Structure formats: structure tokens, C-alpha cells
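A short write-up of the structure that comes next.
Just so you know, these numbers use all the heavy atoms, side chains as well, and skip hydrogens, waters and symmetry mates. Because the structure is a prediction, the values reported are computed rather than measured.
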Amino acid sequence: MASVSQVLLKQRREAFQVILNKWDRRYRQQQAVQWLPRSVVPGLVFGIVLAVMSRTRPLLLPSEIIMATVIAAIAGLLVMLLAVFLWRRPLLVVARRFDDLFGLQERISTAWELTEQRIHARFNLTIHQLDDSWDHARRIDASEVLRLHFNWKEWGLVAALIAILAVLLILPNANAESILRDNQQRATIDAAEDNLREVTEDVASDPSLTSEQREELLQTLERSTETLQEEDLSIEEAFAALADAEAALDASAQDIQDQVNSQASAFELAEEALQQEAPDLQNSQQNPNEGNAQGQAFQQFLNNLAENLDSLNQQQRQQAANALQNAAQALQNTNPELAEALQNAADALQNGDLDQAAESLEEAQNQAQQAQQQAQQQQQSIQSLQQNSQSIQQSANSISQQGQQQQGQQQQGQQGQQQQGQQQQGQQGQQQQGQQQGQQQGQQSITVPGEGEGQLQQGDGQQGNQALIQADGGQSQNQANSAIQGQQNQQSGSASSPAAGLGAGDGTGGDGTDALGPAADNQPVPQNNNPDGQGEGQFEQVFAPRRVGPGQGETQIILEPDTSDVPVVEGDFSENPEGNVTVPYSEVFSDYSDAANRALDQDYIPLGLRDVVRDYFSSLEPGQGDDGQ
């Protein structure tokens, strides 16, 4: 009986497990649809922040912002999907959730606990409870209850964020050119950095370099590489770092070339010594000049001498000993080991010890062969260093071209700003000219005759209220000013001013009192313009001459003489003498040229001006011009 009950409980538990897993998959699908818009919102916000920051300072291009936004959105989506579908929960927790969602009144969770025997009850009661729970579970349509609901408000937020990002990316960005230029500059510097790393590997594996040369070169290359790795590196600094590396490689190649040349010169001297001291022996042997490589003729001579030692007479032995001794002296500074072997062979020939002479000659042949191999390696090392130097020079030229392009763009921007400023100035000048013309059109003309009829010509009030006074017959300036003030008061409608009746007379008065009223008697015109707005006040007359120089009816200004006690110095002053150049031009040119060359080698001269400075001093060199200067 116990075994039958266990089998039944196991079957019911498996059946409930299948239906719970089915409901759980549907529930996870519903959660994924619900969290889908929420998962991409952080990525879109991140992209909008990047777009705004790129407008305030050079940061990223629109394509880079789109790429970063897509990556962030996909990352948020993946995190959501992993959290929804891979987060496993115990089936008892799942059963309690669906009891709550489907309104099953804890039937499924109780049935699950019964199948796991967490709740102990009679077998008949357990079977009845499981059957009841199963009947309710089979009638549940999970797809109907757990519908895939799309929250259109959240999707609207996503659409709004996409629209904002699109606007920020479509609108022109003033920093786009700067960002593009910085990216190109960084790419060029990165390429130069990779090139330096390859050159460093070649130098580290070069067998022809001495330990001191290799260590010095590696330090220079590593220092230049570290400089190129710095953030916010300028074009000038990158070019200077590459120039240092190039100069170090050229110096090492020149040092090795000097060693090769010294070695070749020493072998040439040794071969000349052999030809001079042992002409008979040379004539009886193969011509050493037939050799093409460095020291090959010398090595051939040693080989022939070693093979024919027994057949040499006393005179030929002495000649060979002298030749070997002179060759040893010629090679003493460049190859002391070979010189020592040659000297030993010469001593043995002079002493008549042919066996020792043959052994020393063999040692000399080995040393000469090693010297020849070393010379070949040095030639290969020179070629490698020169190629690496040219490669670095090409990288420096690329950086230089990048700097020249930046300078050209900056100059174009400055020219554009200058043109805008000139256009604005021109527009302001036109506006000022138009204002002046309008003022001239709005002027009023008042003629105050000394005798006869008074005339007043009043212009349009909208064109201005200025007055042009022409005083004939020596009328005072005060009369004109009074006329202007009276006209203004008349226009403003001021009844309290005595000048309000200006021009209201019959025009028959000979002294002009009819036309000008009280102002004709040179009396100040009372005005109702006190600060408190009441009463009448008088203002002090201000002398304001209309033009310089005496005129009709005006006072002439006479300057007083100087009454100071400073004595007046009189006498004849000679002109400044003309100077003469006392230093020949050819003697001082080299000093200026050397100073310019040192500045070009040491200082950070602008990239586009180096060739200009060299050409300038080359053109000034004595003997280049028509007159020798």
C-alpha cells in the first residue's frame, strides 16, 4: 500500500510540475514584453547625455554616439532578458504566485506540498485534494489570463527619447570638425606609436649594435613611445618625439658607418703595406685587388702566404715579415686581435719558425674572416636603421601634414570671422550714414534778418527738431538761440512761455522785435523748467563757438604770449651723420646661420616654417646673390 501511494504521489507531482512550468514560461514572456521599453530607456538617456556633452566640448561624432547608444540599449535589453528567463525560483513559490494570480485559493501550493509530503494527511483525503486541484488547474487558460500587454505610454516615452536624440544628432554641431580633427590626429599618432614599437623590436634584436648603443637607442625609443601615449598630446609634441627617435637612429647608423669606414680604411692601408713591402711576393701570387668585399684581398694574401711558406727564400720571408708588421700597425686601432696575430706571424718569420708562423697566419685568417662577417652584419644593420629612420620620418611627415591642415583650417576660420566683422562694420557705417542723411533732411532753417521782414521756415516735425540759424547784419547768437527755444515751446504747446508767440507779429518791425519777441533785446528767455516742475528759472550761458576763426559778429580769440623764464635756445643744428658698416658681411653670416641651425635642431620651430628658415639663410649666404651678398 505504501509503495502504491508513493507512485501515485510521484505521478501527481510530475503532472503539477509540467503545468507549473508551462504557466511560468507564459509569465516570463509577459514580464519580458512589459520590461522591454524600460530596458532600452537607460541606453537612450545615455546617448542623449553624450550628444549634449558633445555639443559643449569636443567629445564624439554622431556616428560614434549612435554606436554607443545602440550598445547601451542592447546591453540593457540583454540584462533584462537574462534576469527574466534565467532567474530560477522554487516551484512552491511559483505555485503560490499562480494561486494568487488565478484565484485558486491555495489549491496548487497545497497540492504541491502534499506531493512532497510536507503536509501529512490520510491517503484518501490527499488523493481527493489532488484531484480537486488538478481539475481547477486544467480549466485555467494561462494565455488568456496572462496576456501580452503593451504599455503605449512607455513606448511613447521611448519614441520621444529617440526623437530627441535624432534632433541632437541631425542639428549641426560646431564641435564636429574639432572632433573629427582630433580623431584623425589620434589615429595618426597611434599609427606612429605602432611603428615605434616595431622599430624598438628590430633594435632589440640587432646583433651588430653594442650594448651601449642598444641601451641608448632603446631608452630613446621607449621615451618617445611613452610621449605618444600621453592624453591631449599636441601635434608639435608628437612631431618632436618622433624627431628625437629619428635623430637617435640616424646617429647610431652614422656611428656604425664610421666604424665600417675606419675598418675599410685600415684594410686598405694594410693591403698597400703588403704591396709596398712584398712586391715580389705579391707579383708571384694572385692580385689582391681582385677581391670585392672588405678585406677579401688581404685575406687572400694571407692564405697564399700560408700555403707557400716552405717555398719562400730568406729575402721573401723578410719582405713578408715586414709587410705583416706594417699591416699589423695599420690594423692596431681598428682590429687589435688581427694586428696581434699578424705581429706574431711576422716575428715567427723573422726568427725562422715556420710552424709558429703558419699557426699565427691561420689565426690571422680567422680574425680577418670574422672582421669581414662583422662588416657585412654592420652593413645590414645600417640598412635596417636607415629603413627604420625613414619609416619614422614618414610618420612624422604624416603628423606634420595633419598639423598643417589644422593650421589651414584655423586660418580659414579666422579669415571668415574677419570677413564677418568687416561686413558688420560696413552695415554699421551704412546705418550711420543713413541716420546722418535723415538728420540733415529733418533740419529746420530760421533766417533772422537785421532789417526787414522776419522769416521762419519750419520743417516736418517727424524729420527732426534741429534748427539752422543764419544771422545777418551782425545779430547776436542769443537771438538765434532764443528763436530756437521759442519755436520748440510753440511746438510743445507751452502757454506759460513768453516765446510761445514767436512769429506771431506783423513782420514790420525794423529791429526784429515783432519776429523774435523778447529775445530781440538780448534778454534770457524764461522757461518753466525748474526741477520741481513749477516756476521759471534762468540758465548760465555757455560759450559754444560754431566754427574756428573770426567771423562776422564774433569775438576773435587771441593767445597770450609765453611769459615763462625758460631761455630760448638758438643755433644751427647739424643733420644726423650717416653710419657706415665696419664688419664684413661674410664674417658674420656664419654666426647667424649656426644660430639658426641650432634653433632648428633644439627648439620647437613651427612645422611649416622650418623649410622657410633654411631657404632664407641659404639665399643670404655670400656668393648666392648678384652682388655677392
Side-chain angles (χ1 to χ4, degrees), residues 31-84 149-194 226-239 398-399 401-421 423-424 427:
Q31 292 294 312
V33 173
Q34 181 180 358
W35 281 92
L36 181 59
R38 305 174 188 176
S39 63
V40 298
V41 167
L44 295 175
V45 173
F46 176 71
I48 293 174
V49 172
L50 289 180
V52 173
M53 292 177 62
S54 299
R55 289 184 172 274
T56 57
R57 59 181 179 179
L59 186 61
L60 295 174
L61 292 172
S63 59
E64 297 173 344
I65 296 175
I66 293 175
M67 183 62 65
T69 304
V70 171
I71 292 175
I74 292 176
L77 180 62
L78 290 177
V79 171
M80 183 272 295
L81 293 177
L82 292 175
V84 169
H149 178 68
F150 292 91
N151 192 339
W152 297 112
K153 293 183 179 180
E154 295 180 354
W155 283 107
L157 175 62
V158 172
L161 293 176
I162 294 176
I164 294 173
L165 180 61
V167 170
L168 291 174
L169 296 178
I170 293 174
L171 291 178
N173 187 0
N175 296 322
E177 294 182 359
S178 178
I179 296 171
L180 182 60
R181 184 169 61 250
D182 292 341
N183 291 341
Q184 293 176 353
Q185 175 181 339
R186 188 69 255 179
T188 305
I189 293 176
D190 291 341
E193 180 184 350
D194 296 338
E226 292 175 356
T227 301
L228 295 181
Q229 292 176 350
E230 295 178 358
E231 297 293 336
D232 299 332
L233 185 67
S234 63
I235 291 292
E236 290 77 8
E237 292 174 346
F239 184 85
S398 300
I399 293 178
Q401 293 176 359
Q402 189 75 23
Q404 291 176 357
Q405 292 178 358
Q406 292 184 7
Q407 291 179 359
Q409 293 175 357
Q410 292 176 358
Q411 291 177 358
Q412 290 178 358
Q414 293 176 358
Q415 291 177 358
Q417 293 178 357
Q418 292 178 358
Q419 291 178 358
Q420 284 184 351
Q423 293 177 357
Q424 292 177 358
Q427 292 176 358

- Query: Do you know which two heavy atoms are closest between Ile65 and Leu165, and how far apart they sit?
  - Reply: CG2-CD1, 4.4 Å

- Query: Looking at OG1 of Thr188 and CD of Gln401, how far apart are the two atoms once the value is rounded to the nearest 0.5 Å?
  - Reply: 9.5 Å

- Glu154 side chain to Leu36 backbone, donor-acceptor under 3.5 Å: no

- Rounded distance [0.5 Å steps], CZ in Arg57 versus CG in Asn175: 10.5 Å

- Query: Of all residues at least two apart in sequence or in a different chain, which pass the side-chain contact (heavy atoms from CB on, under 4.5 Å) check with Ala176?
  - Reply: Asn173

- Message: Quick check for you: to the nearest 0.5 Å, what is the distance between Leu233 atom CG and Ile189 atom CD1?
- Response: 4.5 Å

- Leu59: partners by side-chain contact (heavy atoms from CB on, under 4.5 Å), with sequence neighbours left out: Leu50, Met53, Ser54

- Query: Can you tell me how far CD1 of Ile162 sits from CH2 of Trp155, rounded to the nearest 0.5 angstrom?
  - Reply: 8.5 Å

- Message: Go through it in stages, so that I can follow the logic: the residues are Leu60 and Ile179, the test is side-chain contact (heavy atoms from CB on, under 4.5 Å), and I'd like the CA-CA distance, side-chain angles, deciding distance and then a yes or no.
- Response: CA-CA 6 Å; Leu60 295 174; Ile179 296 171; 5.5 Å; no

- Task: Could you pull out all residues at least two apart from Arg55 that satisfy side-chain hydrogen bond (donor to acceptor under 3.5 Å, both in side chains)?
- Result: none

- Query: Got a second to check how far Asp190's CG is from Gln229's CD, nearest 0.5 Å?
  - Reply: 9.5 Å

- Item | Atom of Ile399, atom of Ala192 and distance for their closest heavy-atom approach | CD1-CB, 4.3 Å

- Considering non-hydrogen atoms only, spot the tightest contact between Gly43 and Ala72 and give its length. CA-CB, 3.7 Å

- Heavy-atom nearest pair, Leu169 first then Ala51, reads CD2-CB, 4.5 Å

- Query: Using 4.0 Å as the upper bound for N to carboxylate O, is an ion pair formed by Asp182 and Arg186?
  - Reply: no

- Considering non-hydrogen atoms only, spot the tightest contact between Pro58 and Ser178 and give its length. CG-OG, 3.5 Å

- Quick one: CD on Glu64 to CG on Asn183, what's the gap to the nearest 0.5 Å? 5.0 Å

- Shortest non-hydrogen contact from Leu81 to Ala32? CD2-CB, 4.4 Å

